[in-house]
Enquirer: 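This is the structure I want to talk about, given as structure tokens.
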Amino acid sequence: MADQHESIDLRSPPVDRPAGTGLGWFPRAPPPIYSCTLTPELVAKAREELQEKPEWRLRDVQALRDMILKEQPNLRTRLDDAFLLRFLRARKFDYDRALQLLLNYHAGRKAWPEVFHDLKPSTVKHVLDLGFLTVLPRPDPNGRYILCLRPGKWKPNDYPFVDNVRALYLTLEKLIQPEETQVNGIVILADYSGVGMSQASNPGPFLAKRVVSILQDGFPIRIKAVNIINEPRIFKGIFAIIKPFLKEKMAERYILHGSDLGSLHRNIPQSVLPEEYGGLEVQLDMSAWSRVLLDCDEEFIVEFCQPDPLEGVVLPDSMLFEGEQGSGQDDDTFRGLRSQLYYCY
């Protein structure tokens with residue numbers, strides 16, 4: 001069985017790059033043969049928070065691999081240790097939940113071809129150039145990288161909103177590669193400066209639901225906090241669109257700071273923030289993360305520009321996306337929320 005499956009393994013091969021290609025501040029992709037890179041402190045943290053036992057780590061990976069080969073033998077997925085560990089850590093080494101997350105991960109890609117077709121950094125360069133998102137170069141004291149989103153930079157006539165989702169997904173894929181991110185998780189900093197009615201009403205609840213579903217149930221990353229700053233009055237309407245799709249635990253991790261930088265600094269220290277947000281770092285450099293992603297184009301071609309990984313796979317009834325069912329209800333919800341947005345505005 002394993003020999004048969006090796007022919008459709010989509011593991012990312014190592015890509016030779018010249019020195020100084022812009023990846024110096026962010027860890028490189030892991031080697032094809034797994035070797036633990038966690039510090040002793042992170043090994044202890046993973047044991048306490050994720051129920052990860054170093055002496056059983058590879059046994060647990062093999063158990064998940066065996067489940068995939070037995071229950072989903074036609075699934076075209078990577079089976080290497082480093083890849084499967086992401087899903088085990090994201091679900092605290094619960095085999096069943098890790099397998100469900102892996103299936104959700106692939107189901108999301110199948111259900112949303114507008115996002116995942118030909119997905120590679122060079123196709124979202126315009127999003128990166130606009131400054132819609134970046135990753136701050138220094139993690140916080142808890143070792144969590146900070147994903148900075150600036151939705152006010154985007155206008156509906158610039159390009160389709162789905163391009164922002166494509167750039168966000170590629171960023172998450174790159175962030176989750178280092179083992180320290182798998183253990184520590186990430187923090188989101190969303191700056192809503194400049195967000196008006198056109199941006200707030202454009203995605204709609206169906207699109208918002210898909211994005212939230214991927215982040216909560218379809219991607220192996222731990223989002224530890226979402227810090228919202230400079231939110232306008234209209235944000236109440238925006239959050240009304242998002243909140244129904246958030247699990248209670250995730251909703252509690254949203255922190256609204258308004259324009260109070262002191263409140264922000266109590267959650268993200270000044271030492272890792274750029275000067276735009278009252279930090280001690282230099283001015284925000286949007287190009288640094290762009291270079292990290294664009295230097296990895298070949299890596300993502302191997303990962304995403306492949307045949308449908310779910311072709312021939314029979315999925316459980318309770319999958320993440322169920323086509324367009326219920327979209328009429330979403331439309332009704334959107335009409336009600338749109339009036340709220342206008343009222344707030």
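Keep in mind that this is a model prediction, so the values were computed, not measured. Residue numbers run from 1 in the order of the sequence given.
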Enquirer: Test of understanding: clusters of I, L, V, M, F, W, Y form through side-chain heavy atoms closer than 4.5 Å, transitively. Do Leu168 and Val135 belong to the same one?
Expert: yes

Enquirer: Please report the C-alpha distance between Gln182 and Glu52 in whole Å, then the side-chain angles of each, then the deciding distance to 0.1 Å, and finally whether the side-chain hydrogen bond (donor to acceptor under 3.5 Å, both in side chains) criterion is met.
Expert: CA-CA 12 Å; Gln182 297 167 29; Glu52 176 176 343; over 6 Å; no

Enquirer: Would the distance check show the side chain of Glu275 and the main-chain N or O of Val282 forming a donor-acceptor pair, the cut-off being under 3.5 Å?
Expert: no

Enquirer: Check this for me: does any side-chain nitrogen of one of Arg222 and Glu49 sit under 4.0 Å from a carboxylate oxygen of the other?
Expert: yes

Enquirer: Indicate the atoms forming the closest heavy-atom contact of His126 with Asp163, along with that distance.
Expert: NE2-OD2, 2.8 Å

Enquirer: I need the minimum non-hydrogen distance between Ile223 and Arg253, along with the two atoms involved.
Expert: O-NH1, 2.9 Å

Enquirer: Would you check if there is a donor-acceptor pair between the side chains of Tyr145 and Asn184 at a distance under 3.5 Å?
Expert: no

Enquirer: Decide side chain to side chain contact (heavy atoms under 4.5 Å, CB included) for Leu69 and Leu79; before the verdict, give the C-alpha distance in whole Å, the side-chain angles of both, and the deciding distance to 0.1 Å.
Expert: CA-CA 9 Å; Leu69 292 170; Leu79 291 173; 4.0 Å; yes

Enquirer: Return yes if some donor-acceptor pair links the side-chain N/O of Arg138 with the main-chain N/O of Ser271 below 3.5 Å, else return no.
Expert: yes

Enquirer: Taking the six-membered ring for Trp, are Trp154 and Phe161 parallel (under 30°), tilted (30 to 60°) or perpendicular (over 60°)?
Expert: perpendicular

Enquirer: Above 12 or not: heavy atoms from other molecules or residues under 6.0 Å from CD of Glu55?
Expert: yes

Enquirer: Does a sphere of radius 6.0 Å around NZ in Lys243 hold more than 12 heavy atoms from other residues, nucleotides or ligands, not counting ones at 6.0 Å or beyond?
Expert: no

Enquirer: Apply side chain to side chain contact (heavy atoms under 4.5 Å, CB included) to the pair Asp66 and Tyr95, showing each step before the final yes or no.
Expert: CA-CA 10 Å; Asp66 290 342; Tyr95 300 160; over 6 Å; no

Enquirer: Taking the inter-plane angle between the rings of Phe235 and Tyr192 on a 0 to 90° scale, is it parallel (under 30°), tilted (30 to 60°) or perpendicular (over 60°)?
Expert: perpendicular

Enquirer: Is a side-chain N or O of Ser263 found less than 3.5 angstrom from the main chain of His257, in a donor-acceptor match?
Expert: no

Enquirer: Check the angle between the aromatic planes of Phe239 and Tyr254 and answer parallel, tilted or perpendicular using the 30° and 60° thresholds.
Expert: tilted

Enquirer: Is the backbone N or O of Arg91 less than 3.5 Å from a side-chain atom of Asp94, with the two atoms forming a donor-acceptor pair by type?
Expert: no

Enquirer: Apply side chain to side chain contact (heavy atoms under 4.5 Å, CB included) to the pair Leu128 and Leu133, showing each step before the final yes or no.
Expert: CA-CA 7 Å; Leu128 301 172; Leu133 62 75; 4.1 Å; yes

Enquirer: Do the side-chain N and O atoms of Asn104 and Gln100 include a donor-acceptor pair separated by under 3.5 angstrom?
Expert: yes

Enquirer: If I compare all heavy atoms of Thr134 with all of Met286, which pair ends up nearest, and what's the gap?
Expert: CB-CE, 3.6 Å

Enquirer: Is the closest basic N to carboxylate O distance between Arg57 and Asp81 below 4.0 Å?
Expert: no

Enquirer: Between Leu119 and Val115, what is the shortest heavy-atom contact and its length?
Expert: CD1-O, 3.5 Å

Enquirer: For the pair His265 (side chain) and Asp260 (backbone), establish whether a donor and an acceptor sit closer than 3.5 Å, ignoring hydrogens and angles.
Expert: no

Enquirer: If you take all heavy atoms of Ala167 and Val124, which pair is closest and at what distance?
Expert: N-CG1, 4.0 Å

